[in-house]
Number of protein chains: 2
Amino acid sequence: MELKTATAALAALAHEGRLATFRLLVQAGPGGVAAGEIARRLGVLPNSLSANLNLLSHAGLISSRREGRSIIYTADYDGMTALLGFLVQDCCGASSEICAPLYETLVRSACCPPDATPMRETA
Amino acid sequence: MELKTATAALAALAHEGRLATFRLLVQAGPGGVAAGEIARRLGVLPNSLSANLNLLSHAGLISSRREGRSIIYTADYDGMTALLGFLVQDCCGASSEICAPLYETLVRSACCPPDATPMRETA
DNA sequence: TCCATATTTCAACGATAAAAGAAATATTCG
DNA sequence: CGAATATTTCTTTTATCGTTGAAATATGGA
């Protein structure tokens with residue numbers, strides 16, 4: 001990923017409404033959420049949301065598909081992964097013990113550790 | 001981390017100059033880099049850089065300390081970790097296999113896997 | 001075809017952020 | 001104390017972003 005691409009993705013997320021939208025879609029999973037449903041849940045105007053969805057989409061962070069009269073938006077996990085990868089890319093250039101806690105936090109923040117272990121037992 | 005805090009951090013990074021600055025500091029490690037040195041390396045005016053460093057600092061992404069006549073800036077790995085944690089926080093709400101590749105990418109992007117294994121052998 | 005629903009596009013206004021030059025503050029050394 | 005270096009602060013100008021209302025496009029069903 002290039003600097004400009006990453007900047008555009010970060011700019012897309014650097015907005016309360018868009019960040020909330022993105023997280024909503026991330027949590028919703030592959031099933032996605034219709035634009036109108038997003039607008040209702042977040043309490044924003046449909047046209048404002050549309051502009052913001054368009055921005056997130058151009059940044060490669062979300063995708064869309066039509067389903068009947070509705071347009072379903074989904075998080076683009078590849079784009080999200082690329083952005084996060086770019087941010088941590090050379091984090092250990094100087095000393096590798098610095099970013100070790102980073103992984104612990106990331107693993108704990110979500111539900112699926114790198115091993116794909118469902119994280120049931122603590123050991 | 002709250003939505004507003006995360007938005008501020010993302011806004012701080014959503015700027016080519018600031019993103020380049022942040023990555024430079026992340027790569028530089030705990031030793032940090034003096035403001036003047038950053039300006040020289042990135043080819044930006046000192047006053048512009050100062051404003052951007054201030055923004056990154058208020059966002060909790062970098063820290064600073066005075067050393068003689070220079071002010072040394074360092075990446076704030078805690079702030080960085082908090083932001084990334086917020087972004088991946090509920091990524092598997094729907095189906096846990098979705099964000100499994102995310103960890104693989106993150107581990108490969110940097111140098112220190114969660115196990116603190118130096119990543120020499122592929123197995 | 002006609003109407004209702006869902007979403008997007010357009011145009012305009014106000015607010016916010018970025019860039020640059022000049023001046024000010026802090027530190028070191030003679 | 002005075003000069004030089006390092007960084008920040010102030011001020012102005014310019015450009016970009018966000019919001020809103022109204023109209024336009026697309027789909028599904030009577």
Side-chain angles (χ1 to χ4, degrees), chain A residues 3-25 28 31-76, chain B residues 3-25 28 31-76:
Chain A
L3 187 68
K4 289 203 179 209
T5 313
T7 303
L10 290 166
L13 293 174
H15 179 279
E16 279 191 44
R18 288 193 295 266
L19 182 54
T21 301
F22 178 70
R23 294 187 86 221
L24 189 156
L25 293 178
V33 184
E37 175 69 16
I38 301 174
R40 228 172 297 123
R41 287 198 208 170
L42 298 181
V44 296
L45 291 175
N47 53 355
S48 288
L49 178 70
S50 180
N52 288 329
L53 288 170
N54 200 27
L55 240 157
L56 286 166
S57 180
H58 276 89
L61 292 168
I62 65 174
S63 305
S64 63
R65 65 177 191 271
R66 178 174 278 279
E67 223 168 74
R69 275 180 287 201
S70 298
I71 294 185
I72 312 291
Y73 283 89
T74 52
D76 186 324
Chain B
L3 188 68
K4 289 202 179 210
T5 313
T7 303
L10 290 166
L13 292 175
H15 179 278
E16 279 191 44
R18 288 194 295 266
L19 183 54
T21 301
F22 178 70
R23 295 187 85 223
L24 189 156
L25 293 177
V33 183
E37 176 69 17
I38 300 173
R40 228 172 298 122
R41 287 198 207 170
L42 298 182
V44 296
L45 291 176
N47 54 354
S48 288
L49 178 69
S50 180
N52 287 330
L53 287 170
N54 200 29
L55 240 157
L56 285 167
S57 180
H58 275 89
L61 292 168
I62 64 174
S63 305
S64 62
R65 64 178 192 271
R66 178 174 279 277
E67 225 168 73
R69 276 180 286 201
S70 298
I71 294 185
I72 311 291
Y73 283 88
T74 52
D76 186 324

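Because the structure is predicted, anything quoted here is derived from the model rather than measured. Chain identifiers are assigned alphabetically (A, B, ...) following the order of the sequence lines, protein sequences preceding nucleic acid strands; residue numbering begins at 1 within each chain. Values reported hereafter were calculated over all heavy atoms of this structure, with side chains retained and with hydrogens, waters and symmetry mates removed.
- A pairwise comparison of heavy atoms in B:L61 and B:A9 identifies CD1-O, 3.6 Å as the closest pair.
- Checked against side chain to side chain contact (heavy atoms under 4.5 Å, CB included), A:E16 has the following partners two or more places apart in sequence or in another chain: B:L3, B:K4, B:T7.
- Two residues, B:Y73 and B:R69, neighbour DNA chain D, and the one matched to the more 5' nucleotide by heavy-atom proximity is B:R69.
- Note that CD1 of A:I62 is 9.0 Å distant from CG of A:D76, once rounded to the nearest 0.5 Å.
- Rounded to the nearest 0.5 angstrom, A:Y73 OH and A:L25 CG are separated by 9.5 Å.
- Between the CG atom in B:L10 and the OG1 atom in B:T5 there is a gap of 10.5 Å [rounded to 0.5 Å].
- In this structure, B:T21 OG1 and B:H15 NE2 are separated by 8.5 Å, a value rounded to the nearest 0.5 Å.
- Listed by residue number, the members of residues 41-62 of chain A with any heavy atom below 4.0 angstrom from DNA chain C are A:P46, A:N47, A:S50.
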Which pairs of donor and acceptor atoms, one on a side chain in residues 32-46 of chain A, lie under 3.5 Å apart (sequence neighbours left out)?
| residue | atom | partner | partner atom | Å |
| --- | --- | --- | --- | --- |
| A:E37 | OE1 | A:R40 | NH1 | 2.7 |
| A:E37 | OE2 | A:R41 | NE | 2.9 |

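- At the heavy-atom level, B:R18 lies under 4.0 Å from the strands shown only through sugar-phosphate atoms.
- Think of the region where chain B sits on DNA chain C: with heavy atoms and a 4.0 Å cut, that region ends 5' and 3' at C:dA18 to C:dT28.
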With a cut-off of 3.5 Å and sequence neighbours excluded, list every side-chain donor-acceptor pair involving residues 48-56 of chain A.
| residue | atom | partner | partner atom | Å |
| --- | --- | --- | --- | --- |
| A:N52 | OD1 | A:R18 | NH1 | 3.0 |
| A:N52 | ND2 | A:S48 | O | 3.4 |
| A:N54 | OD1 | A:H58 | ND1 | 3.3 |

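- DNA chain C lies under 4.0 Å from no heavy atom of any residue of residues 7-17 of chain A.
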